[in-house]
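Just so you know, residue 1 is the first one in the sequence shown, and it goes up from there. As a basis for the values below, the full set of heavy atoms in this structure was taken, side chains included, without hydrogen atoms, waters or symmetry mates.
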Amino acid sequence: MSISERIAAAVGALLIAGSALAQPAPAAPASAAMHHEGHRAAACASPALACAHAASAAFDARGTLWVAWAAAGSVSVARSTDAGGTFGPASVIDSPGAALDAGSDARPQIVVDARGRIVVAYAAFKDKAWNAQVLVATSSDGGASFSAPRSLSRDAASQRFPVLALRSDGRLFALWIDKRTVAAARRKGVPQAGAALAYAWSDDGGESFTGERIVQDHSCECCRLAMAFDTQRHPVVLYRSLFADGERDHALLTIPDDGEAKPPSRVAEDHWFIDGCPHHGPSVAVSPDGTVHAAWFTQGQARQGLFQARSTDGGATFSNPQRVGDAAQQPGRPAVYAQGRAVWLVWKEFDGQRIFIKERRSADAGQTWSPDRVLAATANSADHPLLIGDGRRVYLSWLTRDEGYRLMPLEAP
């Protein structure tokens with residue numbers, strides 16, 4: 001029996017789909033800004049891209065676009081040689097069914113290295129207590145076939161929300177939310193909220209991962225992670241931290257080569273006191289001059305809405321948070337991307353009828369920004385906006401139920 005079959009058998013009657021899967025703790029108070037994914041369409045039972053609710057994309061060294069998506073309880077991959085206009089035959093990586101972690105902040109991850117090796121990561125629940133397992137599948141023949149999914153971590157506790165990133169030297173970095181410290185505390189009879197951040201490296205195209213370790217404890221357990229590499233090629237991680245007073249504000253940490261990260265720095269004093277799950281992760285990018293760009297959502301006592309800030313001292317301190325978007329249209333789900341001196345920031349807004357993707361861009365590493373403008377819109381359900389690059393241009397990667405998958409080149413600032 002395969003890993004996915006064992007997971008599906010363990011979950012059994014867990015008949016849950018869509019965003020309802022992401023409920024490992026009491027949910028946050030109802031907020032349109034956290035739930036404006038749009039008018040839900042009728043159930044789509046096919047694993048095809050046309051029925052997908054979440055998709056991630058990456059370019060390979062030849063400029064071919066690869067997309068991994070979740071639909072109807074399956075994880076699939078396909079490639080496009082015409083910038084997303086058409087796709088070749090899809091490869092179904094796995095079909096965990098209702099066990100697939102398909103919540104509002106969960107999605108398959110995909111990277112393609114310089115040798116054309118493809119790595120896909122995703123999570124599947126293994127019980128009814130929201131404990132999950134991050135699974136990895138790889139292809140070494142250009143996507144013609146994929147390996148059987150295997151566990152990324154050797155630990156038996158829960159792992160969710162994986163992030164994959166290729167360093168300039170070809171090393172593959174994997175980051176995820178891990179609950180082994182929570183499980184260890186529970187065995188001692190000590191309650192511990194939240195989760196931890198764990199990571200590992202691969203030097204063989206995702207075939208194996210080594211150096212697995214916990215880098216930071218006390219993170220939010222249900223918000224996606226964001227990471228980028230700094231000018232020294234060190235992973236820089238932006239995450240929603242769980243502070244001792246119960247606040248769930250964002251923090252940034254850098255993982256040096258020896259793995260001994262310094263204490264994280266707090267991005268902003270939002271003071272969001274919440275005993276639950278926001279299900280709303282951040283985004284981070286690093287410019288070649290070392291400027292760190294952060295974007296995040298909060299409902300704190302100090303501020304509410306979507307914000308951005310920058311750091312010119314390696315993340316030790318950040319500028320005063322700058323509001324993003326039209327507060328009346330519930331901005332959220334940010335994505336930030338840096339290339340040279342240029343920086344792009346996109347996000348979602350919802351006016352009660354339509355979902356909009358808006359953009360602002362900077363030509364001076366985030367010191368000043370263009371006026372906001374609408375990039376795209378849809379009247380039905382929609383995924384979060386993502387930003388990807390092919391080394392020359394930067395693109396908006398966006399999936400909607402009505403229009404399907406779209407790859408839109410963005411103007412340079």
Check for a donor-acceptor pair, side chain of [X] on one end and backbone N or O of [Y] on the other, with a separation under 3.5 Å.
| X | Y | result |
| --- | --- | --- |
| Arg303 | Arg323 | no |
| Asn380 | Asp402 | no |
| Arg240 | His280 | yes |
| Ser147 | Thr138 | yes |
| Ser397 | Leu387 | no |
| Asp105 | Arg224 | yes |
| Ser241 | Asp249 | no |
| Arg248 | Gly276 | yes |
| Arg333 | His384 | no |
| Asp326 | Ala328 | yes |

side-chain contact (heavy atoms from CB on, under 4.5 Å) evaluation trace for Val292 with Phe318: CA-CA 9 Å; Val292 180; Phe318 279 83; 4.1 Å; yes
Stepwise side-chain contact (heavy atoms from CB on, under 4.5 Å) check, Gln192 with Lys179: CA-CA 10 Å; Gln192 179 175 314; Lys179 299 199 77 170; over 6 Å; no
Side chains of [X] and [Y]: does their closest heavy-atom pair fall under 4.5 Å?
| X | Y | value |
| --- | --- | --- |
| Gln216 | Pro264 | yes |
| Ile355 | Gln329 | no |
| Phe297 | Cys223 | no |
| Arg393 | Gln339 | no |
| Trp130 | Glu221 | no |
| Trp69 | Ser74 | no |
| Val92 | Ser76 | yes |
| Ile255 | Met227 | no |

Least distance between heavy atoms, [X] atom then [Y] atom:
| X | Y | answer |
| --- | --- | --- |
| Trp398 | Asp383 | NE1-O, 2.7 Å |
| Ala54 | Leu399 | N-CD2, 3.8 Å |
| Gly206 | Arg150 | O-NH2, 2.9 Å |
| Pro162 | Gln109 | O-CG, 3.1 Å |
| Thr368 | Ser362 | O-OG, 2.7 Å |
| Ala68 | Val120 | CB-CG1, 4.5 Å |

Distance in Å, [X] [atom1] paired with [Y] [atom2], rounded so as to fall on 0.5 Å steps:
| X | Y | atom1 | atom2 | value |
| --- | --- | --- | --- | --- |
| Thr291 | Asp230 | OG1 | CG | 12.0 Å |
| Asp372 | Arg361 | CG | CZ | 10.5 Å |
| Leu345 | Lys358 | CG | NZ | 12.5 Å |
| Trp201 | Leu172 | CH2 | CG | 8.5 Å |
| Asp390 | Tyr395 | CG | OH | 4.0 Å |
| Ile93 | Ser139 | CD1 | OG | 8.0 Å |

Just say parallel, tilted or perpendicular for the rings of Phe173 and Phe229, cut-offs at 30° and 60°. perpendicular
Taking the inter-plane angle between the rings of His250 and Trp296 on a 0 to 90° scale, is it parallel (under 30°), tilted (30 to 60°) or perpendicular (over 60°)?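 The arrangement is tilted - the two ring planes meet at 30° to 60°.
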Looking at Cys277 and Cys222, is the distance between their SG atoms under 2.5 Å? yes
Steps toward side-chain contact (heavy atoms from CB on, under 4.5 Å) verdict (Thr400, Arg406): CA-CA 8 Å; Thr400 67; Arg406 284 185 279 180; 3.7 Å; yes
Please test Arg117 against Val112 for side-chain contact (heavy atoms from CB on, under 4.5 Å), starting from the C-alpha separation and ending with a verdict. CA-CA 6 Å; Arg117 296 177 297 190; Val112 187; over 6 Å; no
Between [X] and [Y], is there a side-chain N and carboxylate O pair less than 4.0 Å apart?
| X | Y | answer |
| --- | --- | --- |
| Asp60 | Arg79 | no |
| Asp364 | Arg341 | no |
| Asp178 | Arg180 | yes |

Using a 6.0 Å cut-off, check whether atom CZ of Arg62 has over 12 heavy atoms from anything other than its own residue.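 No, not enclosed.
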